Amino acid sequence: MSIQSQALSLLDAQDDASITILSPLDGEEVGTLPGTSREQIGLAVSLARAVQPEWAATSPAARGAALRRAAVALRSGAEELAALNTRETGKPVADSLGGIEAAISTLEQYAELGPVHRGLSLRGAVTATDYTVAEPRGVAVLLTPWNDPVAVAAGLIGAALVTGNTVIHKPSERCPHVGELLGRLLQPAFPDGVLTTLTGGAEVGRLLTMETDVDVFAHVGSSATGERIARAASLTGAYVIRENGGNDPLVVDADVDPAWAAAQAALGAFANAGQICTSVERIYVHRDVAEPFLAALTEEAQAWTGSSGFPPLVDRRMRDAVEAQVGEALHLGARCLAGGTVPDGPGAHYPATVLTDCTGAMTIMTEETFGPVAPVTVVDSFDDGLRLAASGPYGLAATVLTGSIAHAQRAIAALAVGTVKINAVFGGAPGGSAQPRGISGAGFGYGPELLDEFALVKVVHISSPPQGDA
């Protein structure tokens with residue numbers, strides 16, 4: 001079968017396991033997409049394997065030019081894609097457009113970085129030449145999330161393709177329409193089989209991890225799913241890049257303005273309804289500022305809930321999970337200062353919620369919540385807050401609000417996380433790439449270093465043959 005015939009066959013023979021999405025905004029149907037059959041999965045992997053050598057042989061400059069064409073196509077479809085993202089996930093249109101702009105910038109950046117992704121010159125004998133070259137790993141399967149579906153996908157797609165890998169992208173089953181449209185926009189920039197999008201539920205992801213002809217998996221999503229992918233890859237030999245869940249702490253020191261600290265906490269906990277990988281998930285506030293901090297945080301929560309742009313959770317299943325964690329915390333002695341009640345009406349809305357008197361016995365303090373909840377524990381000292389912040393199996397990010405450089409330095413040393421943020425819950429210089437710790441993942445998930453994750457290093461040694469007698 002020709003490559004063109006294989007590509008067309010991927011559009012045929014659909015699975016019966018279709019996905020129907022209801023909008024979290026109002027409960028109305030967004031649409032239904034067919035799942036991907038086992039046959040289609042095998043065909044997609046075979047096609048990606050067949051065309052990978054030719055794509056790898058394409059010059060990095062030409063691969064970069066293809067990424068730039070993809071960025072242009074993405075910009076042309078930005079408004080349609082943003083509107084669909086809002087309908088499917090509840091993400092506000094402005095935020096959806098911001099994610100698409102970030103995706104366009106990422107594709108453009110990797111288009112420039114790919115051709116200068118260089119090796120090293122090594123020092124050996126003066127009559128020999130030693131150096132390293134980076135080669136693609138081969139076929140890459142990318143499993144991406146729903147909370148920032150375009151930006152995250154574009155980053156992984158761009159880095160994988162510009163280094164010479166072929167890509168099979170499976171978007172989250174919570175936003176299959178966004179993933180499918182993204183694939184339709186980007187795919188024409190590349191030869192057939194270089195970029196394929198497969199929609200479907202968890203079973204499609206599971207079948208992909210069983211494919212022995214896949215060389216690398218990149219996954220952004222929950223820690224439980226990431227762990228299953230890593231276990232499956234240990235049997236197939238595939239390399240795994242994971243940015244997984246977080247239980248990110250926020251430590252509020254005694255010497256900061258409590259109103260400012262509350263605004264930072266609210267931003268970290270409530271932005272995108274708490275559905276950000278690095279959302280603030282647990283808060284430790286010094287007793288000296290706890291009372292005004294909690295009062296200000298309660299006002300912040302009420303303002304966030306009352307704002308017109310406050311989004312719903314992605315679906316009612318996610319809302320049920322958040323409600324269960326809040327209910328358990330209240331049952332175990334936490335007090336609710338704001339929110340905490342499922343509102344009437346359609347969709348998957350949930351209010352910005354503030355809990356206090358929280359303890360380590362509560363799931364809301366030990367697991368990722370992924371909802372607009374700010375659970376607070378009052379501590380007697382900065383050391384107590386730092387000790388609690390450094391506990392637990394997650395290691396994605398952490399924030400410390402302090403006016404003490406000594407406390408900041410101690411926190412940087414003590415927190416076993418990929419990213420430590422001092423006096424700002426979000427932000428940072430472009431290109432800053434972190435390696436998560438613990439069950440939050442492994443490997444660089446973005447930035448220039450992501451090119452290294454999708455490449456294999458080969459050492460070359462060239463020596464002169466012995467010279468014969470003159």
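What's counted below: heavy atoms across the whole structure, side chains too, no hydrogens, waters or symmetry copies. All of these numbers come straight from a predicted model, not from anything done at the bench.
- Using a 4.5 Å heavy-atom threshold, the side chains of Glu328 and Ile364 count as separate.
- The main-chain N or O of Arg137 is found under 3.5 Å from a side-chain atom of Asn165 such that the two form a donor-acceptor pair.
- For the pair Leu415/Leu386, a side-chain contact is recorded, criterion being any heavy-atom separation below 4.5 Å from C-beta on.
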- Query: How far apart are the C-alpha atoms of Asp215 and Gln52, what are their side-chain angles, what is the distance that settles it, and do they pass the side-chain contact (heavy atoms from CB on, under 4.5 Å) test?
  - Reply: CA-CA 11 Å; Asp215 300 291; Gln52 195 275 325; over 6 Å; no
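- The structure places CG of Leu181 at 11.5 Å from SG of Cys175, a figure rounded to the nearest 0.5 Å.
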- List the steps and the verdict of side-chain contact (heavy atoms from CB on, under 4.5 Å) for Val45 and Val214. CA-CA 7 Å; Val45 173; Val214 172; 4.3 Å; yes
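- In this structure, Thr298 contributes its side chain and Ala338 its backbone to no donor-acceptor pair below 3.5 Å.
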- Message: Go through it in stages, so that I can follow the logic: the residues are Thr209 and Thr236, the test is side-chain contact (heavy atoms from CB on, under 4.5 Å), and I'd like the CA-CA distance, side-chain angles, deciding distance and then a yes or no.
- Response: CA-CA 8 Å; Thr209 64; Thr236 65; over 6 Å; no
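- Across all non-hydrogen atoms, the minimal contact from Ala261 to Val256 is CB-CG2, 4.1 Å.
- For the atom pair Leu156 CG and Leu450 CG, the distance stands at 6.0 Å (nearest 0.5 Å).
- Between atom OG of residue Ser279 and atom CD of residue Glu368 there is a gap of 8.0 Å, rounded to the nearest 0.5 Å.
- Between Val139 and Asp213, the closest side-chain pair of non-hydrogen atoms is not below 4.5 Å.
- A donor-acceptor contact under 3.5 angstrom links the side chains of Thr225 and Arg228, judged on distance only.
- Put simply, CZ on Arg38 and CE on Met210 are 6.0 Å apart, with the number rounded to the nearest 0.5 Å.
- For Asp248 (side chain) and Val280 (main-chain N/O), no donor-acceptor pair under 3.5 Å exists by modelled atom type.
- Nearest heavy atoms, Val152 versus Pro145: CG1-CD, 3.6 Å.
- Proximity of a side-chain donor or acceptor of Glu453 to a complementary backbone N or O of Gly443 within less than 3.5 Å is not detected.
- Of the possible donor and acceptor atoms, none in the side chain of Thr419 sits under 3.5 Å from a partner among the backbone N and O of Ala397.
- Between Lys170 and Glu173, at least one side-chain nitrogen of the basic residue sits less than 4.0 Å from a carboxylate oxygen of the acidic one, meeting the salt-bridge criterion.
- Residues Ile439 and Glu227 form no side-chain contact, since every pair of their non-hydrogen atoms from C-beta on lies 4.5 Å or further apart.
- Nearest approach of Glu449 to Ser433, heavy atoms of both residues: OE1-CB, 3.1 Å.
- In this structure, Glu88 contributes its side chain and His177 its backbone to a donor-acceptor pair below 3.5 Å.
- The backbone N or O of Asp315 sits nowhere less than 3.5 Å from a side-chain atom of Arg174 that would complete a donor-acceptor pair.
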- Message: Could you walk me through whether Cys336 and Thr353 satisfy the side-chain contact (heavy atoms from CB on, under 4.5 Å) test, starting with their C-alpha distance in whole Å, then the side-chain angles of each, then the deciding distance to 0.1 Å, before giving a yes or no?
- Response: CA-CA 7 Å; Cys336 184; Thr353 298; 4.2 Å; yes
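- Here the side chain of His349 pairs a donor or acceptor atom with the backbone of Leu25 at under 3.5 angstrom.
- Thr199 and Glu180 are not linked by any side-chain donor-acceptor pair at a separation below 3.5 angstrom, with hydrogens and angles left out of the test.
- Once rounded to the nearest 0.5 Å, the distance linking CD1 of Ile412 with NZ of Lys421 reads 13.5 Å.
- Here the side chains of Tyr394 and Glu281 are not in contact, with every heavy-atom distance at 4.5 Å or above.
- Counting heavy atoms from C-beta outward, Leu330 and Met362 have side chains that stay 4.5 Å or more apart.
- Taking the side chain as every heavy atom from C-beta outward, Pro136 and Trp55 never approach each other to under 4.5 Å.
- Taking the six-membered ring where the residue is Trp, His407 and Phe382 present parallel rings, their angle staying beneath 30° rather than reaching 60°.
- A donor-acceptor pair under 3.5 Å is formed between the side chain of Thr305 and the backbone N or O of Ala352.
- Judged by distance alone, with hydrogens and angles left aside, the side-chain atoms of Glu80 form no donor-acceptor pair with the main-chain N or O of Gly77 at under 3.5 Å.
- Shortest non-hydrogen contact noted between Arg282 and Leu388 is NH1-O, 3.0 Å.
- In Glu135, the CD atom is crowded: over 12 heavy atoms of neighbouring residues, nucleotides or ligands sit closer than 6.0 Å.
- Counting all heavy atoms, side chain and backbone alike, Gln275 lies closest to Leu313 at OE1-CA, 3.3 Å.
- The CD1 atom of Ile100 lies 12.0 Å from the OG atom of Ser105; values are rounded to the nearest 0.5 Å.
- Here the side chains of Glu29 and Thr20 are in contact, with some heavy-atom distance below 4.5 Å.
- The one candidate from Val322, Ile276, Asn147 that meets the side chain to side chain contact (heavy atoms under 4.5 Å, CB included) condition with Phe370 is Asn147.
- Shortest non-hydrogen contact noted between Ala361 and Leu332 is O-CD1, 3.7 Å.
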